[in-house]
Structures are given as C-alpha cells and as structure tokens.
There are 2 protein chains.
Amino acid sequence: MGGVTQTRTTRLERGRSALGPALELVHTGRAPTRAVLTNQLGVTRATAGAVAAELQALGLITVDPRPGGAGGAQGRPSHRLAVDPEGPVVLAAQVHADGFRAALVGLGGRIVATAPGCQDVPADPGHVLAAVVEAGAGLLRASGRRCLGAGLAVPSAVAEPEGTALNPLHVAWPAGAPVRDIFRERVREAGILRHPEGGDEAPPGAAVLAGNDINLAALAEHRHGAGRGSRDLLCVATGHRGVGGALVLDGRLHTGSSGLALEVGHVAVNPEGRPCHCGNRGCLDVETDPLAFVTAAGREPGPEVSLLQQSRDLLRTEYADPAVRDAAHLLVDRLGLGLAGLVNILNPDRIVLGGLHQELLDADPERLRAAVAERSLWGRSGSVPILPSTLGHNSLVGAAELAWQPVLDDPLAALGG
Amino acid sequence: MGGVTQTRTTRLERGRSALGPALELVHTGRAPTRAVLTNQLGVTRATAGAVAAELQALGLITVDPRPGGAGGAQGRPSHRLAVDPEGPVVLAAQVHADGFRAALVGLGGRIVATAPGCQDVPADPGHVLAAVVEAGAGLLRASGRRCLGAGLAVPSAVAEPEGTALNPLHVAWPAGAPVRDIFRERVREAGILRHPEGGDEAPPGAAVLAGNDINLAALAEHRHGAGRGSRDLLCVATGHRGVGGALVLDGRLHTGSSGLALEVGHVAVNPEGRPCHCGNRGCLDVETDPLAFVTAAGREPGPEVSLLQQSRDLLRTEYADPAVRDAAHLLVDRLGLGLAGLVNILNPDRIVLGGLHQELLDADPERLRAAVAERSLWGRSGSVPILPSTLGHNSLVGAAELAWQPVLDDPLAALGG
DNA sequence: CTGGCTTTGTACCGGCGATGAATAAAACAC
DNA sequence: GTGTTTTATTCATCGCCGGTACAAAGCCAG
C-alpha cells in the first residue's frame with residue numbers, strides 16, 4: 001500500500017550527457033582536437049576531456065598525443081582525436097538494378113571491407129536479402145569485428161513506419177514488400193549482431209533499418225561528402241531511369257510524415273513533354289533521366305541497366321558532337337527549371353547532384369547555375385551552391401549512417417547493453 | 001597568473017531544465033493537468049510538480065485545484081493547469097493591404113486587446129510601423145500589462161537573417177525594406193519592453209521579430225488551431241492576389257536557409273494558363289487566387305483589396321449559379337494539382353487552407369480531396385487530411401508566437417533578466 | 001639556455017536538476 | 001466506512017556539468 005513508485009513514464013531516452021553529440025562531431029570530422037570539441041559542444045574543457053576519455057574507453061575513438069600537423073599554432077599542441085580504425089563496424093547493404101553489394105563500414109564513413117556480389121536480382125526480396133546478409137556475415141567472420149547494426153539501401157521509396165518498399169524501380173519486387181522486416185529477420189538469423197564475447201542475443205539498441213537509396217546517399221554526402229556543414233541540403237540524382245531527391249535538415253534526413261517526401265520526379269518542366277506514368281506530361285522524371293538524354297542525343301538507347309553508363313560515355317567522349325551538346329543543353333535547362341521550382345519551395349543552402357545530373361553539372365556548370373538562378377524567384381537563390389557529389393558508394397555509406405544513428409544518439413546505451 | 005578561467009565558449013544556452021517544454025505544453029493546451037504534463041515531459045511527478053510551481057511563481061500559469069470537468073475519472077482529481085489570463089503579454093502587429101492592426105496577445109494565443117487602425121498604408125514602412133507601435137503602446141498603457149516582446153506580420157517574404165521584406169505585396173513599400181530593424185527601432189523608442197517596475201532598459205532576451213504573414217498564420221494554426229498536434233503541417237492560403245505557403249516541422253516554422261522557403265505560388269498547374277510574372281505560365285499564383293476565381297466566374301473584378309471578399313460572397317451566395325460553380329470546380333481542380341505536387345515533395349501529415357482556398361474547400365471538400373489523392377503519387381497521400389483554418393486573425397496570433405518563442409525556450413532567462 | 005607567453009589537458013569541488021521512494025490527499029467502488 | 005486508484009508533495013541521493021586551480025607542452029624574446 002502507498003508507494004507505487006511511479007506509473008511508467010514514456011521516457012524520452014534523451015542521450016545521456018554530451019556523449020552522443022561529441023561522437024557525432026568526431027564521426028563527421030568536425031572535431032579533430034579536444035579544443036574544438038570544447039567549442040563545438042559549448043562545454044568546458046573539463047567536460048570535453050571527460051567525454052573524449054569515455055569515448056576512448058568505449059573503443060570508439062583514438063587520442064593521438066602527436067602534435068597535429070598545423071605547425072603554425074601558438075601554445076600547447078592539441079592531441080588528435082580520430083575515429084578508431086579498429087573499432088566496431090556496421091553492416092551496410094545495397095540492392096540496385098545491377099545486383100547487390102555488402103560492406104562493413106566503420107565510424108567516419110570508412111568502408112572497411114566490401115563484397116560486390118554482382119548478380120541479377122531475383123524477384124523475391126527474401127532471397128536477395130539473405131544473400132546480402134550472408135555476404136556481410138562472411139566479411140564479419142573474416143574481420144573479427146564487432147557489428148553494431150545494419151542498414152539497407154533500396155531503389156524505392158520506403159514507407160515509414162512500416163518499412164515497406166512502395167515502388168521498387170527495376171528490381172522485380174512486389175510493391176509494398178516489407179523489406180525492412182525481411183532484412184531484420186535475415187540479420188537476426190545470421191546472428192550478426194550477437195556480441196562476440198558474451199553469447200547474448202542482439203543488443204536492444206542495435207538498429208536494423210532500410211531506406212531509399214537516394215535519401216541515404218544524401219545523408220552520406222551530408223556527413224562525409226559535398227554536403228558537409230550544410231544545414232539545409234537538397235540532393236537530386238538519377239539512376240538509370242527516373243529522378244529522386246532527398247533533403248537533409250539540421251543533419252537529419254527529412255523523410256516527411258510517412259517516408260514519402262522528396263518525390264521530386266513529378267515536378268513539371270516541359271508542358272509539351274512526354275507523358276509520365278503519374279498522369280501529367282513533361283515531368284522531371286521523364287525529361288532529365290538517362291533515357292531522355294540518350295534519346296535527345298539521337299542515339300539508340302541500350303539496355304536499361306546500362307543507360308547511365310551510356311549517358312556518361314556520351315557526355316565525356318562525344319561532347320564535341322553538336323547533337324550531344326544540344327541534348328545536354330536541353331536537359332540542363334529542364335533540370336534547372338525543376339531545381340528552381342524546388343528552390344522556391346525548399347530554399348536549401350546547397351544542392352548536391354548525383355548520377356547523370358552530376359555529369360550534366362560537370363559538363364556545363366555555368367549554364368545550370370544560370371538556369372536555376374533565372375527561374376528561381378529570388379536573386380539570392382542564384383547563389384545557391386550547386387555541387388557534384390563526392391563520395392563513391394554513397395548509398396552504401398548512407399545505409400551505414402542509418403545503422404550508426406543509435407550509437408551517435410547514445411553511445412552508452414548502444415554499446416553497454 | 002595561472003588560472004585564466006576559461007576561453008569564452010560559444011554557449012548553446014540550452015534552456016535550463018524542462019521549464020521551457022513545460023510552458024510550451026501548457027501554452028498549446030496539451031497539458032491541462034500536472035499528470036499529463038508528467039507524461040508529456042517524460043519526467044517524474046516530482047519534477048513536473050516543481051516545474052509547474054516555478055511557472056506559477058513566475059506568473060505565467062495558474063493552478064486551479066478545482067476538479068477538472070471530466071467526471072468519469074478514477075482516483076484523485078487533477079488540478080487544472082492553465083495559462084495565467086492576467087499574465088504578461090506580447091505586442092502583435094500586422095500590416096496588410098487594407099491597413100494595419102495591433103493587439104496584445106497573452107500565452108495560449110489569447111487576444112487580450114486589439115486596436116484596428118484601418119487606414120491606407122503609406123509608402124514608407126517607417127510611418128506605418130510607428131503608427132502600429134503607437135497603437136500597441138496605447139493598448140499597453142490602458143491594460144497595465146507587462147510586455148515581453150513584439151512580433152510583426154507583413155505581406156511579403158522576409159529574408160533571414162536580415163529581416164528585410166523582399167516582395168511586399170500590395171503595400172507600396174520598397175523591395176528589401178528592413179522592416180524588422182525599423183520595427184525594432186520603433187519598439188525601442190516607444191519603450192514598450194521596459195520593465196514596469198525597474199526603470200531598466202529592455203530585457204536582453206526579449207524578441208522583436210518580423211515574419212511573413214502566411215508563415216505566421218501557419219504557426220498560429222499549428223499551436224492553437226487546425227494544425228494542433230501535427231508534426232508536419234503544410235498551410236496554403238491566398239490573400240487578394242497570389243498564393244503563399246508555409247511548413248511547420250516538429251513545431252518549428254521551416255523558413256528554409258534564408259527565410260524564402262515555401263514560395264509555393266509558382267508550382268505549375270495549367271500548361272495553357274495565364275502568364276505569370278515569374279516567367280512561366282499557369283502558376284498556382286495566377287490560377288487559384290481570387291482574381292482568377294472572379295474572372296473564371298465571368299464577373300467583373302472589383303478593386304483589388306476587395307477581391308477576396310467578392311470571391312467569398314460569390315461562393316456563399318451565388319453557388320447555385322452554374323458559372324460560379326464551374327469556376328469553383330476549375331479552381332479546385334487546379335488547386336488539387338498544385339497541392340498534389342507539394343504533397344509529393346513535402347509529404348505533410350496535414351494540410352490547412354486559408355483565404356479563398358479555405359472557401360473552396362468548404363464549398364466542395366470531396367472534390368478537392370479527390371483531386372489531391374488522384375494526382376499525388378501514393379495512395380496513402382490520398383488520406384492526407386485537408387482542413388480549413390480555424391483561427392481568426394491567425395497572422396496576428398502567429399506574430400505573437402514569434403515574440404513568445406524566447407519565453408517558451410527559456411522562461412527564466414526571458415523573465416528573470 | 002632561460003624565463004615569459006599562450007594554449008591545452010587534468011584534478012577537484014560545488015551546484016543544480018532530476019531520480020526514486022515514501023507519504024499525504026482526494027475522489028470512486030463496494 | 002474501508003479499500004482502491006490516481007494525484008500531489010516532501011526528502012534524501014545521485015550524476016552531470018560548471019568553475020577554478022594547476023600542470024604540461026610547445027613558441028618566442030632576450
């Protein structure tokens with residue numbers, strides 16, 4: 001009678017102390033020393049030092065007392081903080097039109113090991129994901145690393161919170177396949193997340209998640225690539241067919257209320273354009289993808305899985321051909337119109353382009369920037385930096401980011417068990 | 001010698017304890033009792049009780065021991081938590097095509113006093129803002145309340161962080177007028193923020209800010225109106241001319257990297273439409289505003305400042321006229337197309353419409369919902385709730401929210417001085 | 001080479017807010 | 001009335017963080 005302690009509160013589990021933010025700063029390379037960590041966190045040196053010591057004790061970062069490079073500094077040299085290259089990893093997996101890929105990725109976005117596994121993708125997601133996870137398990141056995149989570153990138157919008165692939169592109173999966181749960185089940189079966197020493201089950205905080213490949217590429221570019229430091233990053237990219245987009249706000253992926261945001265393919269850019277399966281005509285999706293480019297250049301389109309490569313080759317080796325150049329100009333203008341519309345709606349502080357769009361930007365940066373500036377309402381928008389993506393395998397690194405997130409949010413909970 | 005204390009850290013000033021979140025919960029009506037406050041904050045009852053006591057001591061909320069209404073409850077009845085109706089206020093000001101308005105607004109979005117001040121808006125923003133502030137100062141003298149900040153709503157995009165009005169609509173201001181600084185200067189001159197007892201200067205934390213009227217209306221709808229509880233709220237509304245939009249993410253206004261986001265007026269909805277000043281044709285801006293409606297209904301448009309009222313009258317009293325109904329259908333379909341495009345990009349969990357769009361929704365809710373569902377890619381998006389706004393003077397309330405924000409973030413700092 | 005100067009890393013204490021348990025209070029059910 | 005349930009309040013305690021002092025490690029001037 002009396003003390004019923006407390007009705008269970010819906011605890012927010014806000015990450016204990018500044019451990020998480022500190023790890024994120026080191027993870028993204030924004031805190032090379034304890035001193036800047038102190039400034040970035042807004043805490044005292046004492047606290048920053050304690051936090052760094054704890055992260056080191058957890059085996060996540062290293063502290064190198066060697067004076068760090070920039071010799072011109074006054075005062076006592078800083079010790080170098082870095083991600084521990086021998087630390088734990090996560091499993092990153094990607095399924096795309098050409099096959100699949102698995103990798104182990106450490107903190108800092110460093111790819112530790114990869115297994116290509118290029119094969120045709122069968123119609124049953126269960127088989128592919130089993131194969132991917134098996135490849136990852138092999139990598140893990142070979143490396144002896146501890147694995148803290150797993151992330152999967154798929155060429156489809158992923159509905160949240162269900163984790164289902166709504167419109168798998170060019171992999172013959174059924175729409176609505178529960179890829180997240182299938183992936184999770186395969187990972188559980190493989191026992192990847194089991195703590196190596198203790199024979200325990202998977203740690204409770206470990207994440208096994210799935211996301212759209214372009215969303216994840218954007219996340220990777222934000223953390224480790226051309227989007228570093230952006231607070232409001234828009235990414236637009238093509239695969240072989242279609243156009244995808246992603247938005248990273250304040251360091252977090254903006255997936256909308258149900259994971260379906262940034263379906264940017266259906267912004268209208270050409271009133272007389274080709275009909276699109278969405279019902280309109282002249283959508284970004286059908287006007288600026290590799291098929292549109294190859295066609296506009298008057299070439300015979302090859303097989304679908306090679307359209308991106310064919311477009312690349314055209315741009316890089318036959319740009320002197322007027323037909324190719326005109327086609328590039330046409331696509332650049334239409335892409336510029338689409339991006340301008342997105343700028344008017346989202347007002348990003350940076351735009352990063354991937355796939356064919358990246359190639360088009362490289363081919364004629366000024367034309368694209370001018371097109372965006374001209375069609376976006378504000379003169380200021382003309383100064384939105386438009387950059388090519390800088391990471392290879394960025395979807396893979398992004399899938400790893402997904403799996404790292406719980407660790408970055410609360411390292412103690414994710415490791416301590 | 002020796003201890004140099006600490007190099008000045010860029011302190012994050014994260015709000016002391018859970019005081020701010022607690023006040024926000026009471027402010028938005030989501031915490032009617034200490035018990036739900038406990039749950040919402042995820043703290044213990046002890047903490048929630050202490051926090052409530054402190055807010056009461058600060059004169060911001062009241063605690064009413066009277067058992068609160070819902071008689072069916074088990075156990076000891078809760079005390080009612082409410083915003084203190086005698087508490088401090090902020091000055092809210094709005095300038096629009098028809099004139100200006102000033103009001104005192106308390107916590108909870110309650111308008112305490114208003115001064116209409118309907119007159120023509122002179123071309124010099126300094127004069128209007130002086131008049132608005134003078135009206136507000138009169139209200140303050142009459143009420144004897146303490147004023148904690150001031151917010152201004154203007155019919156223009158406001159660039160951040162400059163606080164300049166980039167495209168004032170239908171008030172003859174120069175583009176780029178520094179309205180925020182002018183407003184701030186007038187408020188300072190009027191001595192509104194001076195603490196009544198102490199003859200001190202304005203408290204350092206007090207906010208004097210300006211924002212776009214539709215953005216602020218969206219903020220008000222989110223906190224106190226049809227957008228309550230939404231995590232991803234899209235608002236679209238018309239004035240007399242043109243279309244504006246706003247997005248509220250996780251309770252914060254998303255203004256983009258430089259305050260220019262959600263310029264939704266230039267989404268294309270009619271390839272053969274009227275030319276728009278943006279260079280395209282058939283933009284939402286010129287296809288779904290009151291002028292477009294009056295014209296489509298075959299009526300002679302009246303003076304610009306009465307177009308919205310003229311449209312309202314047509315819809316409400318002459319909807320039986322086939323010309324009016326057809327015009328409404330046409331605009332609904334185009335609005336639906338535009339909203340569908342925004343849904344594909346933003347994936348909101350709710351849409352709130354204002355101005356003429358609200359009237360169009362009221363006139364034929366099912367047609368608009370169907371149009372959005374049909375044109376947005378995902379079946380799920382068809383279930384996006386589309387609601388009319390529920391607040392009168394919502395821009396004014398939103399301007400007040402702007403001024404309340406520092407108090408909600410850290411009540412102690414904002415009041416204690 | 002020696003003694004300031006500057007910046008970085010560490011030890012210690014104290015404050016403050018939150019937790020957790022126990023107790024009191026106020027209704028409803030029987 | 002008595003027991004049950006839910007809510008409010010008091011109190012001891014814990015842990016994170018801030019502030020201070022001090023030690024360490026390189027430049028620079030003489």
Side-chain angles (χ1 to χ4, degrees), chain A residues 1-9 11-22 31-39 41-57 63-81 410-412, chain B residues 1-22 31-39 41-57 63-81 410-412 416:
Chain A
M1 47 224 73
V4 191
T5 354
Q6 180 84 5
T7 70
R8 192 79 201 101
T9 77
R11 185 70 47 80
L12 288 186
E13 278 304 338
R14 61 174 169 286
R16 226 171 316 188
S17 82
L19 219 57
T33 74
R34 262 183 285 228
V36 312
L37 180 64
T38 301
N39 283 329
L41 289 177
V43 298
T44 59
R45 285 200 300 269
T47 305
V51 165
E54 182 147 15
L55 290 176
Q56 190 182 17
V63 179
D64 182 356
R66 184 201 48 192
Q74 281 279 35
R76 173 177 173 172
S78 307
H79 300 177
R80 306 295 296 178
L81 300 182
D410 189 345
L412 272 182
Chain B
M1 46 222 73
V4 190
T5 353
Q6 180 84 7
T7 69
R8 193 78 201 100
T9 78
T10 64
R11 185 70 48 79
L12 289 185
E13 276 306 336
R14 63 172 166 285
R16 224 172 315 190
S17 82
L19 219 58
T33 73
R34 261 182 285 226
V36 311
L37 180 65
T38 300
N39 283 329
L41 288 177
V43 298
T44 59
R45 285 201 297 270
T47 306
V51 164
E54 181 148 16
L55 290 177
Q56 190 182 16
V63 179
D64 182 358
R66 184 200 47 191
Q74 281 279 34
R76 173 178 174 173
S78 307
H79 299 179
R80 306 293 298 178
L81 300 183
D410 189 345
L412 272 181

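The chains referred to below are lettered A, B, ... by the order of the sequence lines, with proteins before strands, and numbering in each begins at 1. Atom set for the values below is all heavy atoms of this structure, side chains included, hydrogens, waters and symmetry mates excluded.
- Straight-line distance from the CD atom of Gln56(A) to the P atom of dT10(C): 9 Å, rounded to whole Å.
- For dT19(C), one of the phosphate oxygens OP1 or OP2 lies less than 4.0 angstrom from a side-chain nitrogen or oxygen of Thr47(B).
- Scored by the side-chain contact (heavy atoms from CB on, under 4.5 Å) test, Ala35(B) finds Thr33(B), Ser78(B) as partners (sequence neighbours excluded).
- Residue Thr44(B) places none of its side-chain N or O atoms closer than 4.0 Å to OP1 or OP2 of dA18(C).
- Of all heavy-atom pairs spanning Arg34(A) and Gly49(A), the tightest one is CD-CA, 3.9 Å.
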Anything under 3.5 Å between a protein N or O and an N or O of nucleotides 8-12 of chain D, put it in a table, one pair a line.
from	atom 1	to	atom 2	distance (Å)
dA8(D)	OP1	His79(B)	N	3.1
dA8(D)	OP2	Ala35(B)	N	3.3
dA8(D)	N7	Arg45(B)	NE	3.2
dA8(D)	N6	Arg45(B)	NH2	3.4
dT9(D)	OP2	Arg34(B)	NH1	2.9

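- With sequence neighbours excluded, the residues forming a side-chain contact (heavy atoms from CB on, under 4.5 Å) with Thr47(A) are Val43(A), Thr44(A), Val51(A), listed by chain and number.
- For Leu55(A) and dG9(C), the CG to C1' distance is 16 Å, given to the nearest whole Å.
- Applying the side-chain contact (heavy atoms from CB on, under 4.5 Å) test to Pro21(A) and every residue at least two apart in sequence or in another chain returns Leu41(A).
- In this structure, the separation between CD on Gln56(A) and CG on Leu81(A) is 9.0 Å, given to the nearest 0.5 Å.
- Taking atom CG of Asn39(A) as the reference point, atom C1' of dT8(C) lies 12 Å away to the nearest angstrom.
- If you take CZ on Arg45(B) and CG on Asn39(B), they are separated by 9.5 Å, rounding to the nearest 0.5 Å.
- Distance Leu412(B) CG to dC16(C) C1': 12 Å, rounded to the nearest Å.
- The nearest whole Å value for the distance from the CD atom in Glu54(B) to the P atom in dG17(C) is 7 Å.
- One atom, CG of Leu37(A), and another, C1' of dT8(C), lie 13 Å apart when rounded to the nearest Å.
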